[in-house]
Amino acid sequence: MADTMLIISERINGLFTSVGKAIDKRDAKFIQDLALRQEECGAQALDVNVGPGRDDGPAAMEWLVSTVQEVSSLPLSLDTSGPKTMEAGLKAAKNHVIMNSTTAEEKKMAKFFPLCKDYDAEIICLCMDEKGVPNSAEARAEMAMLMITKAMEHDIMPERLYLDPLVLPTSAAQDQGRKIVQAVQMFQTLNEPAPRTVVGLSNVSNGTKQRSLLNRTFLAMLMGAGLTAAICDPEDRELMDIIKAGQVLMNERLYCDDFLRD
Ligand code: THG
């Protein structure tokens with residue numbers, strides 16, 4: 001059975017106050033404990049993001065990647081929009097790497113696809129450009145197709161991409177949820193075999209009081225639509241159980257009475 005739904009931990013991100021402080025202090029133990037906990041909880045890859053608004057981006061990324069790699073051999077998702085910070089992460093990474101991410105902006109693609117090629121990485125293609133995030137599923141699919149085509153011009157096959165429709169907070173853009181579900185479905189028609197898809201799940205619940213419930217429900221909806229990877233919180237036990245149950249229901253995990261323990 002296909003091992004679908006790559007679980008990428010969102011937690012090693014300077015956006016979280018405690019993680020941001022640990023990066024500032026170069027507190028290796030804090031980061032390594034965090035990385036090990038993600039792996040114990042079932043993370044299959046680790047998103048690493050040094051956090052917003054720092055002037056030591058490349059140095060912080062190099063330290064973060066090296067520090068995590070001392071205790072974990074999971075693939076890393078290098079989460080930065082800065083080419084210098086990205087390259088610092090790529091240079092430091094020993095294990096398999098997902099670049100997170102390029103957008104459809106010409107100058108972004110011109111920088112990030114050659115790096116992807118040079119470092120033999122995979123890459124997340126985020127549906128946005130200088131004009132922002134497209135409003136409809138169709139416009140997102142069109143933008144995804146543009147990134148697939150541009151990647152191929154750089155000799156990067158669609159199999160190396162993850163298409164990301166860009167999840168927006170339901171508290172601010174309630175009409176977007178079903179468009180994201182539709183976009184995930186449409187992305188799979190853009191190539192043969194179907195391209196892989198990823199979301200930043202927790203975006204959906206930003207600014208709400210029911211974060212975990214909204215995350216869990218949206219993930220189940222997206223799994224039904226064929227999502228193949230999620231950047232999410234593996235420490236949310238109920239979320240992880242829903243992923244397992246979803247895999248059983250999609251016939252991607254062998255049913256047995258003990259399926260939650262597998
Ligand atoms: N697509 C891709 N990459 C992404 C995203 C995406 N990376 C970043 C983000 N979105 C996914 N990761 C997170 C990480 C944290 C949170 C949401 C998404 C989050 N953090 C708390 C908050 O902002 O409320 C921090 C709380 C705290 O300070 O402790 O919600 O869409 N490709």
Side-chain angles (χ1 to χ4, degrees), residues 5-24 30-31 34-35 37-38 41 43 45-54 57 61 64 75-82 85-86 89 97-105 108-109 112 116 121-129 132-134 140 143-144 147 151 160-173 176-177 179-181 183-184 187 195-216 218-219 222 227-236 239:
M5 269 308 287
L6 179 73
I7 298 160
I8 307 170
S9 170
E10 72 182 13
R11 294 293 299 272
I12 306 177
N13 189 324
L15 204 79
F16 294 100
T17 316
S18 57
V19 179
K21 282 190 185 140
I23 297 170
D24 288 340
F30 181 96
I31 297 294
L34 185 61
R37 198 157 71 239
Q38 304 316 298
C41 290
L46 303 170
D47 191 69
V48 290
N49 183 322
V50 296
R54 47 171 74 245
M61 182 61 98
L64 193 56
L76 299 181
S77 155
L78 305 178
D79 189 352
T80 176
S81 57
T85 301
M86 183 66 82
V97 166
I98 304 170
M99 294 170 63
N100 183 14
S101 51
T102 186
T103 66
E105 292 163 277
K108 261 289 157 54
M109 294 190 289
F112 279 61
C116 178
E122 300 187 329
I123 188 165
I124 295 175
C125 297
L126 207 57
C127 285
M128 67 178 280
D129 63 11
V133 183
R140 281 180 169 93
M143 197 173 273
M147 291 188 276
R160 266 162 72 184
L161 310 180
Y162 286 92
L163 305 178
D164 184 335
L166 223 174
V167 172
L168 297 170
T170 208
S171 59
Q176 290 294 306
K179 295 178 182 177
I180 294 293
V181 174
V184 166
F187 289 173
R196 298 177 299 185
T197 51
V198 66
V199 296
L201 185 68
S202 304
N203 298 1
V204 82
S205 63
N206 242 308
T208 71
K209 283 196 173 153
Q210 292 288 350
R211 294 210 65 169
S212 176
L213 177 64
L214 290 166
N215 293 343
R216 277 144 43 190
F218 201 43
L219 190 71
L222 290 164
L227 186 74
T228 50
I231 304 168
C232 61
D233 179 7
E235 292 190 51
D236 184 340
L239 178 75

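Throughout, residue positions are numbered sequentially from 1 according to the sequence presented. Read the numbers this way: they start at 1 and go in the same order the structure lists the ligands and their atoms.
- Judged purely by atom type and a 3.5 angstrom limit, Ser9 has no side-chain atom pairing as donor or acceptor with the backbone of Ala35.
- Checked against side-chain contact (heavy atoms from CB on, under 4.5 Å), Thr80 has the following partners two or more places apart in sequence or in another chain: Met61, Thr85, Met86.
- Within 4.0 Å of ligand 1, counting heavy atoms only, the contacting residues are Glu10, Asn13, Leu15, Phe16, Thr17, Asp79, Asn100, Ile124, Leu126, Asp164, Gly200, Ser202, Asn203, Asn206, Arg211, Ile231.
- Partners of Asp233 under the salt bridge (Lys or Arg N to Asp or Glu O under 4.0 Å) rule, at least two apart in sequence or in another chain, are Arg11.
- By the salt bridge (Lys or Arg N to Asp or Glu O under 4.0 Å) test, Lys179 is found to be paired with Asp175, residues two or more places apart in sequence or in another chain being considered.
- For the residue pair Gln210/Thr208, the side-chain donor-acceptor check at 3.5 Å is not satisfied.
- Counted by atom type alone, Asn215 and Asp236 present zero donor-acceptor pairs between their side chains at under 3.5 Å.
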